[in-house]
Amino acid sequence: MQVQRGSLDHYRFGIATEDLAIDCIADTFQRDSKGHFVTLENYFSTFEWEAASEEDLTISLRRLIFSKVNEGLFRSYRAEDPNLAKIIRNIKEAVKRNASFSLHREREMQWIVVGKASARENHLPLAPTTVLESYMTSILCETSNTYTAVYAFKDFLKMHPYYRNAFPMSEYARVLRSCFQNREVPTSSTHEINLSLIDLESALKKTIAYVRSKLHVTYVQKGKISISMFETYIKALKKILASHFGAPSESVSSQYDALATVIPGLSKDSFQTEHRNIMQYLFKISRTKMIGYLQDAV
């Protein structure tokens, strides 16, 4: 999947992709002296797997495999990219100053752990970098403080309780660097741009057309969500953008509020677990395009 998305090149670390994949997941099947699959047993013991459906078990196993692949890639990237030293030093300093965090070393990797020094890592899957980066980008659009970015990991886990309470430090540094590089911080506030309602409506239509075209394949054609759910997200996105950029006809205070207007009875828990990641990603890419279209209109 990473190769297909273009985020990983063939022979990126000098070996074939298939060999790299096997290296990443090999220790998942490690046995102890009694022949038990230690990693698999620890992982599935975190929930009542015997009562789960085959589909739910497949999804859980998929999370574990993705987690192991990410861990393997983290180690490879760390060995190849020594320029993260400054960010890593700042992360370490931030952890030392907050009792809610600690550092653990495992298999030659140092990990950020949400919890005191005596806290243990759980056996849940590692958060995907794409999900974490989407969340952290929204935080870093408002600040350039590395400490704030580190402490935001605790809030991230509250919103995503199904991910591990730890993350490899070197990869967390890469996530933060990527967020700093890719964030969009307007030089002036949106409301200071001199726009007519015609300009705003035109930019909104162009943005929605862009998002619909770009993500239809990713979400609908690949079977991740239904066409009706995709259109529901688009309707909510229109409301979010219109409100965010000052359209007088729309006023929603959050992404949850926007989606709740098109999904009556939507609970906040359901939003957090089922919809939040997609809505955040849609808003992230659409806001960038929207600003571009508005600046072209000025």
Worksheet item: CZ of Phe230 to NZ of Lys224: how many Å apart, nearest 0.5 Å?
Response: 12.0 Å

Practice prompt. Test Tyr281 against Leu215 for side chain to side chain contact (heavy atoms under 4.5 Å, CB included), laying out the working first.
Written response: CA-CA 11 Å; Tyr281 180 64; Leu215 298 181; 3.9 Å; yes

Discussion item. Tell me the closest heavy-atom pair linking Leu126 and Ala166, and the distance in Å.
Written reply: CD1-O, 3.4 Å

Worksheet entry | pair Ile278-Tyr219: side-chain heavy atoms closer than 4.5 Å | yes

Practice prompt. For the residue pair Met169 and Lys92, establish whether any side-chain heavy-atom pair is separated by less than 4.5 Å.
Written response: yes

Discussion item. Run Lys289 and Val211 through side chain to side chain contact (heavy atoms under 4.5 Å, CB included) and show every step you take.
Written reply: CA-CA 9 Å; Lys289 294 299 290 187; Val211 173; 5.9 Å; no

Practice prompt. Give, for atom CD of Gln280 and atom CD of Gln255, the distance between the pair rounded to the nearest 0.5 Å.
Written response: 5.5 Å

Worksheet entry | Non-hydrogen atoms of Ala149 and Leu176 that approach each other most closely | CB-CD2, 3.7 Å

Practice prompt. Would you confirm whether the ring centroid of Phe153 sits within less than 6.0 angstrom of the ring centroid of Phe101?
Written response: no

Fill in: Joint cluster assignment, Ile65 & Ile59, ILVMFWY side-chain distance < 4.5 Å
no

Worksheet item: Can you check whether Tyr135 reaches Arg276 side chain to side chain, under 4.5 Å on heavy atoms?
Response: yes

Fill in: Aromatic ring proximity Tyr256/His275, centre distance under 6.0 Å
no

Worksheet item: Linking I/L/V/M/F/W/Y whenever their side-chain heavy atoms sit closer than 4.5 Å, directly or via other members, would Trp111 and Leu124 fall into one cluster?
Response: no

Fill in: Arg63 NZ/CZ over Tyr162 ring centroid, <6.0 Å and within 45° of normal
yes

Worksheet item: Checking side chain to side chain donor-acceptor pair (under 3.5 Å) for the pair Lys68/Thr28: CA distance, chi angles, key distance, verdict?
Response: CA-CA 8 Å; Lys68 290 298 181 182; Thr28 305; 5.1 Å; no

Discussion item. Could you tell me if the side chain of Arg164 sits less than 4.5 Å from the side chain of Val114, heavy atoms only?
Written reply: no

Discussion item. Minimum heavy-atom separation for Phe167 and Ala127, please, with both atom names.
Written reply: CE1-O, 3.2 Å

Worksheet item: Rounded to the nearest 0.5 Å, what separation is found between the NZ atom of Lys239 and the CG atom of Asp257?
Response: 11.5 Å

Worksheet item: Does atom CD of Glu54 have more than 12 heavy-atom neighbours, drawn from other residues, nucleotides or ligands, at distances under 6.0 Å?
Response: no

Item to complete: Check whether any side-chain N or O of Ser67 sits under 3.5 Å from a backbone N or O of Pro125 as a donor-acceptor pair, and report yes or no.
Response: no

Worksheet entry | Ser213 (side chain) donor-acceptor with Tyr210 (main chain) under 3.5 angstrom | no

Worksheet item: Is Tyr233 reachable from Ile240 through a run of I, L, V, M, F, W or Y residues, each pair having side-chain heavy atoms under 4.5 Å apart?
Response: yes

Fill in: Backbone of Ser267 reached by a side-chain donor or acceptor of Ser270 within 3.5 Å
no

Practice prompt. Begin with the C-alpha distance, continue with both residues' side-chain angles, and end with the deciding distance and a verdict on side chain to side chain contact (heavy atoms under 4.5 Å, CB included) for Thr232 and Leu259.
Written response: CA-CA 8 Å; Thr232 297; Leu259 193 59; 4.1 Å; yes

Worksheet item: What distance separates Met229 CE from Ile234 CD1, expressed to the nearest 0.5 Å?
Response: 10.5 Å

Worksheet item: Rounded to the nearest 0.5 Å, what separation is found between the CD atom of Glu171 and the CD1 atom of Ile88?
Response: 10.5 Å

Worksheet, complete the sentence: Smallest heavy-atom separation, Met279 atom then Ala236 atom, equals CE-CB, 3.9 Å

Discussion item. Between Ser60 and Tyr43, is the side chain to side chain contact (heavy atoms under 4.5 Å, CB included) condition met? List the steps.
Written reply: CA-CA 9 Å; Ser60 297; Tyr43 172 65; 3.5 Å; yes

Discussion item. As a quick check of understanding, evaluate salt bridge (charged side-chain N to carboxylate O under 4.0 Å, His left out) for Lys205 and Glu201, giving each step before the final call.
Written reply: CA-CA 6 Å; Lys205 286 182 178 179; Glu201 185 175 346; 3.6 Å; yes

Worksheet item: Do Ile208 and Leu241 have side-chain heavy atoms sitting under 4.5 Å apart?
Response: yes

Discussion item. Using a 3.5 Å distance criterion without hydrogens, assess whether the side chain of Ser102 forms a donor-acceptor pair with backbone atoms of Gly115.
Written reply: yes

Fill in: Ile227 and His216, any side-chain heavy atoms less than 4.5 Å apart
yes

Practice prompt. Using distance alone, with no hydrogens and no angle criterion, decide if Asp56 and Ser53 have a side-chain donor and acceptor under 3.5 Å apart.
Written response: yes

Item to complete: Could you tell me whether the side chain of Ser286 and the main chain of Leu282 form a donor-acceptor pair under 3.5 Å?
Response: yes

Item to complete: Mind telling me whether His160 and Tyr163 have parallel, tilted or perpendicular rings, with 30° and 60° as the class edges?
Response: parallel

Response to the item:
Interatomic distance, CD1@Ile22 vs CZ@Phe29, rounded to 0.5 Å, equals 10.5 Å

Item to complete: Taking the side chain as every heavy atom from C-beta outward, state whether Phe156 and Met136 have any pair of such atoms under 4.5 Å apart.
Response: no

Worksheet item: How far apart are the closest heavy atoms of Val175 and Glu133, and which atoms are they?
Response: CG1-CA, 3.9 Å

Item to complete: Using modelled atom types only, decide if a donor and an acceptor are shared between the side chain of Asp27 and the backbone of Gln30 within a distance under 3.5 Å.
Response: no

Worksheet item: With a 4.5 Å limit on heavy-atom distance, are the side chains of Tyr151 and Arg97 in contact?
Response: yes

